[in-house]
Q: 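Below is the structure I would like to discuss, written out as structure tokens.
All heavy atoms count here, side chains included; hydrogens, waters and symmetry mates do not.
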Amino acid sequence: MSTVTEVPAHLRAAVDAAKEKVAALHAELPRWELVVWTAGNVSERVRDDRTPDGSGDLLVIKPSGVAYDDITPESMVVCDLDGNLVEGDRSPSSDTAAHAYVYAHMPEVGGVVHTHSTYATAWAARAEEIPCVLTMMADEFGGPVPVGPFAIIGDDSIGRGIVETLSGHRSPAVLMRNHGPFTIGKDARAAVKAAVMVEEVARTVHVSRQLGEPLPIAQEHVDSLYARYQNVYGQH
């Protein structure tokens with residue numbers, strides 16, 4: 001992967017638009033009670049059509065340790081897909097290496113989100129996948145929400161675990177063991193939606209288990225629900 005040393009002129013408008021979008025989407029994390037203090041992050045890929053192999057793609061992410069009330073488009077930082085800082089006067093999020101690894105190895109992904117939302121993180125602490133016992137889960141995740149391996153923050157180990165777990169999997173969410181949820185999407189907004197939804201189903205299934213054992217949904221119905229939601233539901 002080649003290293004980009006500055007934002008190319010032909011990507012300037014796209015990078016600026018991504019900064020606006022990513023800054024605004026960060027406000028959704030505390031709104032849905034998915035983060036506390038400065039934890040969590042949203043990123044979005046900026047594709048460079050001049051490099052079809054993705055080597056010129058960039059990512060926009062928040063700086064490390066910045067309070068959500070202080071996040072602005074101007075405070076966003078830009079990195080290449082090796083995690084190197086390309087633009088910005090602050091250190092990138094400590095999860096940048098993980099985001100960059102996902103983008104570099106999953107070309108279909110355009111957005112990545114990480115939170116420590118309470119219920120999803122509780123499942124991650126037990127290293128237990130969330131079983132598909134809700135039609136909402138079949139719709140959104142196409143089956144259970146899987147668990148990824150234990151990995152230490154600071155290099156691309158978390159990214160490797162995300163890619164290994166989600167490659168070929170319907171779920172846009174993974175519960176990294178002892179850490180918390182990471183979600184992916186076609187863009188940052190889709191990844192934020194997945195972060196909201198994984199917390200919702202984690203909470204609901206937890207509550208259900210306090211009452212008894214939840215009933216699984218037959219695979220044929222999971223497949224049918226997933227196909228309908230992905231291809232028919234909503235406005236197209």
Q: Quick check on the hydrophobic clustering: are Met176 and Ile130 connected, directly or via other members, by side-chain heavy-atom contacts under 4.5 Å?
A: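 No, separate clusters.
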Q: Quick check: closest heavy atoms across Ala173 and Thr183, and the distance to 0.1 Å?
A: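 Heavy atoms of Ala173 and Thr183 come nearest at CB-CG2, 3.7 Å.
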Q: Does a sphere of radius 6.0 Å around CZ in Arg12 hold more than 12 heavy atoms from other residues, nucleotides or ligands, not counting ones at 6.0 Å or beyond?
A: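 Yes, the 6.0 Å shell around CZ holds more than 12 heavy atoms from other groups.
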Q: Would you please name every residue forming a side-chain hydrogen bond (donor to acceptor under 3.5 Å, both in side chains) with Glu28, sequence neighbours left out?
A: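 For Glu28, the residues satisfying side-chain hydrogen bond (donor to acceptor under 3.5 Å, both in side chains) (neighbours in sequence not counted) are Arg31, Trp32.
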Q: Assess the residue pair Lys186 and Glu108 against the criterion (side chain to side chain contact (heavy atoms under 4.5 Å, CB included)); give the C-alpha distance rounded to whole Å, side-chain angles, the decisive distance to 0.1 Å, and a yes or no.
A: CA-CA 7 Å; Lys186 63 184 172 117; Glu108 73 278 13; over 6 Å; no
Q: Please verify the inter-ring angle class for His114 with Phe182; under 30° counts as parallel, over 60° as perpendicular, anything in between as tilted.
A: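 Taking Phe182 first and then His114, their aromatic rings lie parallel (interplane angle under 30°).
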Q: Tell me, please, whether Tyr226 has Arg170 positioned over its six-membered ring: NZ or CZ under 6.0 Å from the ring centre and within 45 degrees of its axis?
A: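 Yes, a cation-pi geometry.
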Q: Answer with yes or no whether the side chains of His116 and Thr121 bring together a donor and an acceptor at under 3.5 Å.
A: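 Distance-only check fails for Thr121 and His116.
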Q: Which atom names give the shortest non-hydrogen contact between Asp70 and Ser75, and what distance separates them?
A: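 Closest heavy-atom pair between Asp70 and Ser75: O-OG, 4.0 Å.
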Q: Using a strict threshold of under 4.0 Å (side-chain N to carboxylate O), is an ion pair present between Lys21 and Asp187?
A: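 Looking at Asp187 and Lys21, the cut-off is met.
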Q: Check this for me: Glu128, atom CD, are more than 12 non-hydrogen atoms of other residues, nucleotides or ligands nearer than 6.0 Å?
A: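 Yes, the 6.0 Å shell around CD holds more than 12 heavy atoms from other groups.
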Q: Any luck finding a side-chain donor-acceptor pair between Asp49 and His10 under 3.5 Å?
A: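 No.
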Q: Would His206 and Trp123 satisfy side chain to side chain contact (heavy atoms under 4.5 Å, CB included), going step by step from the backbone distance to the final call?
A: CA-CA 9 Å; His206 170 77; Trp123 286 84; 4.2 Å; yes
Q: Hey, quick one: are Leu34 and Val36 part of the same hydrophobic cluster, counting side-chain heavy atoms closer than 4.5 Å, chains of contacts allowed?
A: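 No, Leu34 and Val36 fall in different hydrophobic clusters.
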Q: Consider only side-chain heavy atoms of I, L, V, M, F, W and Y, link residues closer than 4.5 Å, and tell whether Val35 and Val192 are in one cluster.
A: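 Yes; tracing contacts between hydrophobic side chains, which count when under 4.5 Å, links both residues.
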Q: For atom CE of Met106, decide whether the heavy atoms of other residues, nucleotides or ligands shown that lie under 6.0 angstrom number more than 12.
A: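 Yes, CE of Met106 has more than 12 neighbouring heavy atoms, counting only those of other groups under 6.0 Å.
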Q: Who are the salt bridge (charged side-chain N to carboxylate O under 4.0 Å, His left out) partners of Arg177, not counting sequence neighbours?
A: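 Listed in chain order: nothing, the list is empty.
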Q: Should we say atom CD of Glu6 is surrounded by more than 12 heavy atoms from elsewhere, each under 6.0 Å from it?
A: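 No.
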Q: The test is side chain to side chain contact (heavy atoms under 4.5 Å, CB included); show your working for Val42 and Lys62 and say whether it passes.
A: CA-CA 7 Å; Val42 178; Lys62 86 175 181 68; over 6 Å; no
Q: Using the rule that Ile, Leu, Val, Met, Phe, Trp and Tyr join whenever any side-chain heavy atoms are under 4.5 Å apart, tell me whether Val46 and Leu25 fall into a single cluster.
A: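 In one cluster with Val46: Leu25, yes.
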Q: Go through it in stages, so that I can follow the logic: the residues are Ser43 and Tyr103, the test is side chain to side chain donor-acceptor pair (under 3.5 Å), and I'd like the CA-CA distance, side-chain angles, deciding distance and then a yes or no.
A: CA-CA 10 Å; Ser43 73; Tyr103 291 128; 2.7 Å; yes
Q: Do Phe141 and Val198 pass the side chain to side chain contact (heavy atoms under 4.5 Å, CB included) test, and can you show the C-alpha distance, the side-chain angles, and the key distance before you say yes or no?
A: CA-CA 9 Å; Phe141 302 101; Val198 75; 3.9 Å; yes
Q: Applying the 4.5 Å side-chain criterion to the ILVMFWY set and letting contacts propagate, would Leu59 and Ile158 be lumped into a single cluster?
A: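 Looking at the clustering, Ile158 is in the same group as Leu59.
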